[in-house]
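Before any comments, here is the structure.
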Amino acid sequence: MLQIYNTLTKEKAPFQPIEAGKIKMYVCGMTVYDYCHIGHARVMVSFDLITRYLRSRGWEVEYVRNITDVDDKIINRAAENGEAAIDLSERMIAAMHEDEAKLNVLRPSQEPKATAHIDSIQALIQTLIEKGFAYPAANGDVYYRVEKFATYGQLTNKNVDELRAGARIEVNEAKESPLDFVLWKGAKEGEVSWESPWGAGRPGWHIECSAMSKCCLGATFDIHGGGPDLPFPHHENEIAQSEAANGVKYVNTWMHAGAVRVNSEKMSKSLGNFFTIRDVLEKYDAEVVRMFLSSVHYRSYIDYSEESLKEARSKLDRFYQALNDIEVSEPDTDNDYQQRFDAAMDDDFNTPQAFAVMFELVNELNTAKRDNSVKAASLAAQLKHLGGVLGLLQQHPADFLQGEAKEGGLSNDAIETLIQQRADAKANKDYAESDRIRDELAAQGVILKDSREGTSWYRES
RNA sequence: GGCGCGAUGGCAGAGUGGUUAUGCAGCGGACUGCAACUCCGUGAACGCCGGUUCGAUUCCGACUCGCGCCUCCA
């Protein structure tokens, strides 16, 4: 029985979709004004892994992740660059898709863009105005009337009185209350805008998600996910908008990924301590990065450091060493690894536990490789299958282990030539020479492994 | 100040009211010409103080420390 931790109730609960066998999931995506960083990657990988697992268990998953392609930040950045906002956002969307592909993140079922949903956004705002939950202000903006929504703050345990008392924002004359947030922003001179009953303008951030999720999934759906900084105010506001407008419960299960930290601080744009996915992929293999992001439970924070990435690399090395030099047949049903793996993942997607099961499998596989090739081949298939559910272990082991030739490093051909010379020396029992060649390769980061079948090699990470 | 989360062996990181996490590193052994890979064995932990219990790292309470959100941020 699948259990998922729900941010709304703050407990793990058995998961039951609205429609049997089908899961409707919406995850907040990027605001495309810059390259994605590792924090974004964590959300992408976490929900990708969750989607892959759910599908592996036979659920149909309709996975929607939006793209915020109109926003102050995009407008400002585009102006700085001297380019049109649309050009910037299109460029960043393309970059995001490249980054995702490298991390083996599957594309969501739908990726709605805010600019393609202006009509539904306006319709939603209109409904909120008609129901008294929103009001057009004198400055051309439309605001949400927070204090009208009785259960505001349910997701993050906020209460309106304390929020009002602690409001840091200077009072905006146009707002009835400092807590009110903007649904529609009146256009300033020269900005991209759309006509509306309240004047030219563009949508506020929160309303986009309410509108797009309703369009793509309906007024009520199963899972809503996002990053660690979204529960307040973004998701709180989505609940207020959607439930006030639709009159039904918005989301059954809220899921939030943990933060990526650097030196014990959250990695974020506002702190300026972020690494883009591109930066990281220059240094580390994409599958290593994916392994790193999967190696901790999705709700816990994770520390980005040289050491963590190295550790992820050694875990993959162990998996791929086990898969190396062996035939892969069909998974054996005569073991309980699959069942234990599923049990771990059913428990709120406990990937560390799932990896523990896989490592036990590796141990049995390595033992079987010595004298039972039939069993080994089927265990290898089982391992590769489980890895596949997590979006890992699908490369040829030798390709992964050998890695790419580094700048100025030895080419594969050069390595093979040296290995042949060493084999000749060994055949002549000239161990001094064979060791010299091995040391020479080691100095270049190439490790040799002799076996009955010959010598294989891999590059150190 | 309000609302949450966390504190596990040298490091990373799951989990459990009494029993092996797992990976890396360490130690002893096997394999190997020597290594590497691999295998076998092994040492090592549950922040602090109380309480509940036959028994708590696990449940409850206080404390200390760390982190996140309360403002745009994944």
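As a basis for the values below, the full set of heavy atoms in this structure was taken, side chains included, without hydrogen atoms, waters or symmetry mates. Below, chains carry the letters A, B, ... as their sequence lines are ordered, and counting in each starts from 1.
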_Classify Arg370(A) by what it touches in the nucleic acid, base, sugar-phosphate, or nothing, heavy-atom distance under 4.0 Å._
base
*With a non-hydrogen cut-off below 4.0 angstrom, is Pro231(A) in contact with a base, only sugar-phosphate, or nothing?*
nothing
*Determine the contact category for Lys369(A): base if any of its heavy atoms lies under 4.0 Å from a base atom, sugar-phosphate if only primed atoms, P, OP1 or OP2 are that close, otherwise nothing.*
nothing
*Picking from C24(B), A36(B), A14(B), which would you name as closest to the side chain of Pro352(A)?*
A14(B)
*asked:* Please determine whether a side-chain nitrogen or oxygen atom of Lys266(A) lies at a distance below 4.0 Å from atom OP1 or OP2 of C69(B).
replied: yes
*Just call it for Met267(A): base, sugar-phosphate, or nothing, with non-hydrogen atoms closer than 4.0 Å on any strand.*
base
_Output the rounded distance in Å from CG (Leu379(A)) to P (C39(B))._
13 Å
*Could you tell me whether the side chain of Lys73(A) has a donor or acceptor atom within less than 3.5 Å of a complementary atom in the base of C72(B)?*
yes
*For Thr367(A), answer base if it contacts any base atom (sugar-phosphate contacts may also be present), sugar-phosphate if it contacts only those atoms, and nothing otherwise; contact means non-hydrogen atoms under 4.0 Å.*
sugar-phosphate
_Arg299(A) charged N/C atom sitting above Tyr5(A) aromatic ring, 6.0 Å / 45°_ = yes
_Asp279(A)-Thr276(A) side chain donor-acceptor pair, cut-off 3.5 Å_ = yes
*asked:* In this structure, how many angstroms lie between the P atom of A74(B) and the CG atom of Asp99(A), rounded?
replied: 14 Å
*asked:* Looking at C11(B), which nucleotide sits across from it as a Watson-Crick or G-U wobble partner, both distances under 3.5 angstrom, or is there none?
replied: G23(B)
*Tell me which nucleotide among C24(B), A21(B), C34(B) gets nearest to the side chain of Glu360(A).*
A21(B)
*Within the structure shown, what part of the strands sits under 4.0 Å from Leu448(A) by heavy-atom distance: base, sugar-phosphate, or nothing?*
base
*asked:* Here's one to test your reading of the geometry: is the NZ or CZ of Arg290(A) within 45 degrees of the ring axis of Tyr284(A) and under 6.0 Å from its centre?
replied: no
*Check whether the side chain of Arg42(A) and the base of A74(B) form a donor-acceptor pair under 3.5 Å.*
no
_Is Ser300(A) close enough to A14(B) that one of its side-chain N or O atoms is under 4.0 Å from OP1 or OP2 there?_
yes
*asked:* Between the base of C34(B) and the side chain of Arg438(A), is there a donor and acceptor pair under 3.5 angstrom?
replied: yes
*At under 4.0 Å between heavy atoms, what does Ser270(A) touch on the DNA or RNA strands: base, sugar-phosphate, or nothing?*
base
*NA contact type, Gly39(A), heavy-atom cut-off 4.0 Å: base, sugar-phosphate, or nothing?*
base
*asked:* What's the closest nucleotide to the side chain of Asp229(A) if the choices are C34(B), U22(B), A74(B)?
replied: A74(B)
*Specify the separation, in whole Å, of atom CG of Leu155(A) and atom P of C70(B).*
13 Å
*Quick one: label Ala257(A) by what it contacts on the DNA or RNA (base, sugar-phosphate, nothing), any heavy atom closer than 4.0 Å.*
nothing
*asked:* Within the 4.0 Å heavy-atom criterion, would you say Asp435(A) contacts the bases, only the backbone, or no part of the nucleic acid?
replied: base
_Could you tell me if Asp303(A) and Ser308(A) have a donor-acceptor pair between their side chains, going purely by distance under 3.5 Å?_
no
*Residues in side chain to side chain donor-acceptor pair (under 3.5 Å) with Asn372(A), at least two apart?*
none
*Indicate whether OP1 or OP2 belonging to U38(B) is found under 4.0 Å from a side-chain N or O atom of Arg318(A).*
yes
*In this structure, which one of Asp48(A), Leu390(A), Asp342(A) forms a side-chain contact (heavy atoms from CB on, under 4.5 Å) with Tyr53(A)?*
Asp342(A)
_Applying the Watson-Crick and G-U wobble criteria at under 3.5 Å, what pairs with G66(B)? Answer none if nothing qualifies._
C5(B)
*Looking only at side-chain atoms of Asp450(A), point me to the closest of G33(B), A36(B), A35(B).*
A35(B)
_Give me the distance, rounded to whole Å, that separates U8(B) from C48(B) when you measure between the C1' atoms they each carry._
15 Å
*Mind checking His297(A) for me? I need base, sugar-phosphate or nothing, with any heavy atom below 4.0 Å counting as a touch.*
sugar-phosphate
*Would you say the side chain of Asn157(A) and the base of G2(B) hold a donor-acceptor pair, judged only by whether the two atoms sit under 3.5 Å apart?*
no
_What's Ser264(A) touching, base or sugar-phosphate or nothing? Going by heavy atoms closer than 4.0 Å._
sugar-phosphate
*asked:* Quick test of the criterion, 5.5 Å between centres and less than 30° between planes. Is Tyr301(A) stacked on G6(B) or not?
replied: no
*Examine Lys269(A) relative to Tyr33(A) and say whether NZ or CZ is less than 6.0 Å from the centre of the six-membered ring and inside a 45° cone about the ring axis.*
yes
*Opposite nucleotide pairing with U38(B), Watson-Crick or G-U, both atom distances under 3.5 Å*: A30(B)
*Is a donor-acceptor pair below 3.5 Å formed from side chain Glu311(A) to base G23(B), judging by atom type as modelled?*
yes
*Given G15(B), is OP1 or OP2 found less than 4.0 Å from the side-chain N or O atoms of Asn350(A)?*
yes
_Under 4.0 Å, heavy atoms only, any strand: does Lys315(A) hit a base, just the sugar-phosphate, or nothing?_
sugar-phosphate
*Between Phe359(A) and Ser451(A), name the one whose nearest nucleotide on RNA chain B is closer to the 5' end.*
Phe359(A)
_Determine whether the aromatic ring centres of residues Tyr304(A) and Phe275(A) are separated by less than 6.0 angstrom._
yes
*OP1, OP2 of C39(B) versus side-chain N and O of Asn363(A): anything below 4.0 Å?*
yes
*So what does Gln321(A) hit on the nucleic acid, given a heavy-atom distance under 4.0 Å: a base, only sugar-phosphate, or nothing?*
sugar-phosphate
_Reading RNA chain B from 5' onward, which residue's closest nucleotide shows up sooner: Ala432(A) or Cys28(A)?_
Ala432(A)
*Could you state the CD1-P distance from Ile67(A) to A74(B), rounded to the nearest angstrom?*
13 Å
*Measure from the side chain of Tyr458(A), starting at C-beta and using heavy atoms only, and say which of A36(B), C39(B), A14(B) lies closest.*
A36(B)
